[in-house]
There are 2 protein chains.
Amino acid sequence: MNYDEAKIKFVSTWGSLGTLWGINKAMAQIQALLFISTKPLSMEDIMADLKISRGNTSMNLRQLMDWGIVTKEIIPGERKEYFTTEKDVQELARTIAKERSRREIQPVIKVLKEVSSLKDDGTEKTKELIKQTKALHDITENADMMINKLVNQQQNWITKSLLKLIK
Amino acid sequence: MNYDEAKIKFVSTWGSLGTLWGINKAMAQIQALLFISTKPLSMEDIMADLKISRGNTSMNLRQLMDWGIVTKEIIPGERKEYFTTEKDVQELARTIAKERSRREIQPVIKVLKEVSSLKDDGTEKTKELIKQTKALHDITENADMMINKLVNQQQNWITKSLLKLIK
DNA sequence: TTTAACTTTCAATAATTTTTGAAAGTTTAA
DNA sequence: TTAAACTTTCAAAAATTATTGAAAGTTAAA
């Protein structure tokens, strides 16, 4: 496997993983490309490399910026805009976890809380709905908290000690 | 909010969350429906409740069974097949985590390992590709292990002590 | 057996999501 | 200013994914 093959394999695999987890392929691939690039890339660079249109590139770069994992880089003397992604994998994970929590998990937790606060009318089906959504609420909130906490630590020491603890 | 409103809210919210995370809406909704049902449901029941076709119901039930979170229930004297989902939220989380890991994360870890084993030809871009995919490999493998470990414990004591530890 | 009750399959259709590309918008150098 | 270089927007098209429904398949009671 040479460099180009490896690069293509990585970028396309990352794109497929994205798709599987509800993230648009182009968005995942652009991020992957920036992640292994040694220098900031322009829109032209990205379009050429991934063979996608200008519009697609522009829209997905914007989304990545909204997520806080890509930033515009101004290169002095250059007219074009250049882009970079967070290079520290730990920080990247932190940001993604935080954003998915805020956008997707928190609203669900809110609904689960509402539903599980339904007044108990004494029927079995109501009792079951309350019980099960409460259980879901608790585990979701718990998992969300834990992921955010974990991802906020410096893995170095914490990972090792945690892994030891729960092994 | 009465029972029916609460039920609809829960089932449709769960469906939307599924979609956001790459799970087909009908599949998520069927699981949600079974999760709050006080008794096993037949295909007819599910079709009527979610207003979806027989084919759709059949295919998604099969997928849920493949995932190991729904099981066929044979009711003596009844010709129809009935279905139930795992009711214990802890066990449910364990199964889902295990399956997503096996189907989606492990293959990606394998590719990351391959790509990061690319022979260093001394160029900067190759060094960067190796470095970054190695970092991604390590964090992905680590996160995958941790989630599986965590989800395999009895939350009771472990959650509390872990939360205390990392707070 | 036969037949009725039920489930699965799958080609066709519908719905949704992604992508394109060209026009409109913006910025900066001259 | 003007105009060239560049970016954004968005309606239309393409691609993908989900859903339907009827025919084929299966099972079990009579």
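All chains are named by letter (A, B, ...) in the order of the sequence lines, taking the proteins before the strands, and each is independently numbered beginning at 1. Keep in mind that this is a model prediction, so the values were computed, not measured.
Remark: Asp49(A) engages Lys7(A) in a salt bridge, criterion side-chain N to carboxylate O under 4.0 Å. Salt-bridge formation is not detected for the pair Lys125(B)/Glu128(B): no Lys NZ or Arg NE/NH1/NH2 atom is positioned less than 4.0 Å from an Asp or Glu carboxylate oxygen.
Listed candidates were dA4(D), dT9(D), dT7(C). Nearest to the side chain of Met43(B) is dT7(C). If you check dT8(C), dC6(D), dT19(D) against the side chain of Ser58(B), the one that comes closest is dT8(C). For Ala26(B), the side-chain atoms get nearest to dT19(D) when compared with the rest of dC6(D), dT19(C), dT19(D). Picking from dT9(D), dT8(C), dA28(D) the nucleotide with the shortest atom distance to the side chain of Arg62(A) gives dT9(D).
Mapping Met59(B) and Glu81(B) onto DNA chain C by nearest heavy atom places Glu81(B) closer to the 5' end of the strand. Closest-nucleotide positions on DNA chain D for Thr19(A) and Met65(A) were compared, and the one nearer the 5' end corresponds to Met65(A).
The nearest whole Å value for the distance from the NZ atom in Lys72(A) to the C1' atom in dC6(D) is 11 Å. Distance Lys80(A) NZ to dT8(D) C1': 17 Å, rounded to the nearest Å. Computed from coordinates, the Ile30(A) CD1 to dT18(C) C1' distance equals 12 Å when rounded to whole Å. The CG atom of Leu41(B) sits 13 Å away from the P atom of dT7(C) (whole-angstrom rounding). Between Met47(B) atom CE and dT20(D) atom P the separation is 9 Å, expressed in whole Å. As a whole-Å value, the separation of Ile46(B) CD1 from dT19(D) C1' is 16 Å. One can place CE of Met27(B) at 16 Å from C1' of dT19(D), the figure rounded to the nearest angstrom. Atom-to-atom, CZ of Arg79(A) to C1' of dA3(D) comes out at 10 Å; the value is rounded to the nearest Å.
Taking only side-chain nitrogens and oxygens, Ser53(A) never comes nearer than 4.0 Å to OP1 or OP2 of dG21(C). Phosphate proximity of dT19(D) to Asn24(B): present, with a side-chain N or O under 4.0 Å from OP1 or OP2. OP1 or OP2 of dA18(D) has not a single side-chain nitrogen or oxygen of Asn56(B) nearer than 4.0 Å.
Within the 4.5 Å cutoff, no side-chain heavy atoms of Asn2(B) are placed close to those of Asp121(A).
With hydrogens and angles ignored, no donor-acceptor pair closer than 3.5 Å exists between the side chain of Arg54(A) and the base of dT7(D).
The main-chain N or O of Lys87(A) is found under 3.5 Å from a side-chain atom of Gln132(B) such that the two form a donor-acceptor pair.
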Open item on the list: Between Lys80(A) and Glu44(A), does the salt bridge (charged side-chain N to carboxylate O under 4.0 Å, His left out) criterion hold? Intermediate values first, please.
Closed with: CA-CA 9 Å; Lys80(A) 274 186 219 147; Glu44(A) 299 288 343; 5.9 Å; no
